[in-house]
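Data block below; observations after.
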Amino acid sequence: MAYGMNELNKHLNIELDGIPYKIVEYQHVKPGKGAAFVRTKIKSLLDGRVIDKTFHAGDKCEEPNLEKKSYQYSYNEDGMYYFMDNETYDMLSLPEENIEYEIQFLLDGMAVDINFHNSKSIGVELPQTVELEIIDTPVTNKGDRQGACRKPATVNTGATITIPCHLNTGDRIKVDTRTGDYVEKVK
């Protein structure tokens, strides 16, 4: 399937010149003069390099030949992250640079999908949301908790998330793994 300029969006996987990429930043630009275009930052799923790419009307890119398989995160050691195949119990390792963003939401025993491009493992797809525990956040006064008050919080995976001021250390929250945004407090 070929994607046109208007079908591109953040987190979409595309293939250019035989290399699979994920769109990590997306901006549709409509200048006062001339034709609209899409300015993107795309990350290579093979080596993690991020490049700028501009798409104009009429430009096409292909859907990559990606295959997904279910795995379970086991552990990390010396910059390698190890996952167990849920069917064969074989172990698969991925270097840290291939999954830099995903690491901040990875929990022991978490079920993930591993992407393969032409039978080579290239990256991890996390569940859309994950439940995390707040392990450190500044204390806020009752009067500061009104309206759209936000504050930083460190969660049990080490990631820093912006949360509403009424939340405290020890609370469990749901986080969107695609954006890193707070979704809701877990009851």
Side-chain angles (χ1 to χ4, degrees), residues 9-15 19-26 40-51 63-138 150-164 166-187:
N9 58 47
K10 195 171 180 179
H11 303 295
L12 180 69
N13 292 325
I14 60 173
E15 186 169 317
I19 300 172
Y21 292 93
K22 178 182 282 286
I23 298 174
V24 292
E25 284 185 29
Y26 167 89
T40 64
K41 284 190 186 284
I42 56 177
K43 179 180 180 180
S44 169
L45 296 176
L46 298 180
D47 60 16
R49 288 182 311 129
V50 177
I51 60 173
E63 181 178 13
N65 179 21
L66 294 178
E67 204 179 310
K68 286 183 190 177
K69 195 167 182 189
S70 184
Y71 279 78
Q72 182 177 350
Y73 172 60
S74 293
Y75 66 97
N76 68 308
E77 185 175 78
D78 300 326
M80 296 297 285
Y81 285 75
Y82 295 88
F83 300 86
M84 182 181 67
D85 186 316
N86 290 334
E87 295 172 8
T88 65
Y89 305 110
D90 290 337
M91 294 300 281
L92 171 80
S93 63
L94 288 171
E96 183 175 331
E97 52 272 2
N98 281 22
I99 57 172
E100 271 182 55
Y101 175 79
E102 292 82 0
I103 290 170
Q104 64 184 332
F105 303 113
L106 210 51
L107 294 166
D108 288 341
M110 176 184 274
V112 298
D113 288 330
I114 302 283
N115 286 325
F116 291 86
H117 181 255
N118 298 331
S119 301
K120 181 183 182 231
S121 59
I122 58 169
V124 172
E125 272 192 37
L126 300 172
Q128 188 170 340
T129 60
V130 63
E131 290 183 14
L132 303 171
E133 182 179 348
I134 299 170
I135 59 169
D136 186 37
T137 190
R150 310 289 275 175
K151 64 182 179 178
T154 304
V155 293
N156 56 326
T157 59
T160 301
I161 309 292
T162 302
I163 61 171
H166 70 275
L167 296 172
N168 297 308
T169 300
D171 288 344
R172 294 192 59 78
I173 59 173
K174 193 177 280 190
V175 176
D176 186 327
T177 59
R178 297 168 302 168
T179 60
D181 293 337
Y182 164 82
V183 176
E184 65 184 0
K185 181 178 178 180
V186 176
K187 308 270 189 253

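Residue numbers count from 1 along this sequence. Predicted model, so just to flag it, every value in this text is computed and none were measured.
- In this structure, the side chains of Leu45 and Asn13 come closer than 4.5 Å at one or more pairs of heavy atoms.
- Of the possible donor and acceptor atoms, one in the side chain of Thr137 sits under 3.5 Å from a partner among the backbone N and O of Pro152.
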List the steps, then state whether side-chain contact (heavy atoms from CB on, under 4.5 Å) holds for Val183 with Val175. CA-CA 5 Å; Val183 176; Val175 176; 5.7 Å; no
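- Looking at heavy atoms from C-beta onward, Leu126 lies in side-chain contact with Leu106 at the 4.5 angstrom threshold.
- The CG atom of Asp171 lies 4.0 Å from the NZ atom of Lys185; values are rounded to the nearest 0.5 Å.
- Side chain of Thr177 to main chain of Pro127: a donor-acceptor pair is present (N/O by atom type, distance under 3.5 Å, no hydrogens or angles).
- Within the 3.5 Å criterion, the main-chain N or O of Arg178 finds a donor-acceptor partner in the side chain of Tyr101.
- Residues Ile173 and Leu167 form a side-chain contact, since some pair of their non-hydrogen atoms from C-beta on lies under 4.5 Å apart.
- Put simply, the side chain of Glu96 does not reach to within 4.5 Å of the side chain of Met80, judged on heavy atoms.
- When all heavy atoms of Asp108 and Ser74 are compared, the pair lying nearest together is OD1-O, 4.1 Å.
- Listed for the Thr160 side chain is no donor-acceptor partner under 3.5 Å among the backbone atoms of Thr154.
- Here CD1 of Ile99 is found 7.5 Å from OH of Tyr73. Values are rounded to the nearest 0.5 Å.
- To the nearest 0.5 Å, the span separating CD on Glu25 from NZ on Lys43 amounts to 12.5 Å.
- Atom CD in Glu77 sits 6.0 Å away from atom OH in Tyr82 (nearest 0.5 Å).
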Verdict with supporting geometry, Met84 and Tyr89, side-chain contact (heavy atoms from CB on, under 4.5 Å): CA-CA 6 Å; Met84 182 181 67; Tyr89 305 110; 3.9 Å; yes
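- A salt bridge links Lys69 with Asp85: the distance from a Lys NZ or Arg NE/NH1/NH2 to an Asp or Glu carboxylate oxygen falls below 4.0 Å.
- Minimum interatomic distance between Glu133 and Arg172 (heavy atoms only, all atoms of both residues): CB-NH1, 3.6 Å.
- The shortest side-chain heavy-atom distance between Asp113 and Val124 does not fall under the 4.5 Å cut-off.
- Residue Leu66 holds its CG atom at 11.5 Å from CD1 of Ile14, rounded to the nearest 0.5 Å.
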side-chain contact (heavy atoms from CB on, under 4.5 Å) for Leu132 and Val186? Distances and angles first, verdict last. CA-CA 9 Å; Leu132 303 171; Val186 176; over 6 Å; no
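- Taking the six-membered ring where tryptophan is involved, the planes of Tyr71 and Phe116 are tilted, since the angle between them lies from 30° to 60°.
- Nearest heavy atom pair, residue Pro64 against residue His117, reads CB-CD2, 4.5 Å.
- Panel note: side chain Thr40, backbone Ile42; no donor-acceptor pair is recorded below 3.5 Å.
- Taking CD1 of Ile161 as the reference point, atom NZ of Lys151 lies at 14.0 Å (rounded to 0.5 Å).
- For the residue pair Asn115 and Glu125, a side-chain donor N or O sits within less than 3.5 Å of a side-chain acceptor on the partner.
- Nearest heavy-atom pair across Ala153 and Ile134 is CB-CG2, 4.0 Å.
- Residues Thr169 and Asp136 come closest through the heavy atom pair OG1-CA, 3.9 Å.
- Within a 6.0 Å sphere centred on CZ of Arg150, heavy atoms belonging to other residues, nucleotides or ligands number more than 12.
- Closest approach of Met110 and Phe105 over heavy atoms only: CE-O, 3.3 Å.
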Intermediate values then yes/no, side chain to side chain donor-acceptor pair (under 3.5 Å), Thr129 and Asp176: CA-CA 4 Å; Thr129 60; Asp176 186 327; over 6 Å; no
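- Considering only heavy atoms from C-beta on, Pro164 comes within 4.5 Å of Tyr182 through its side chain.
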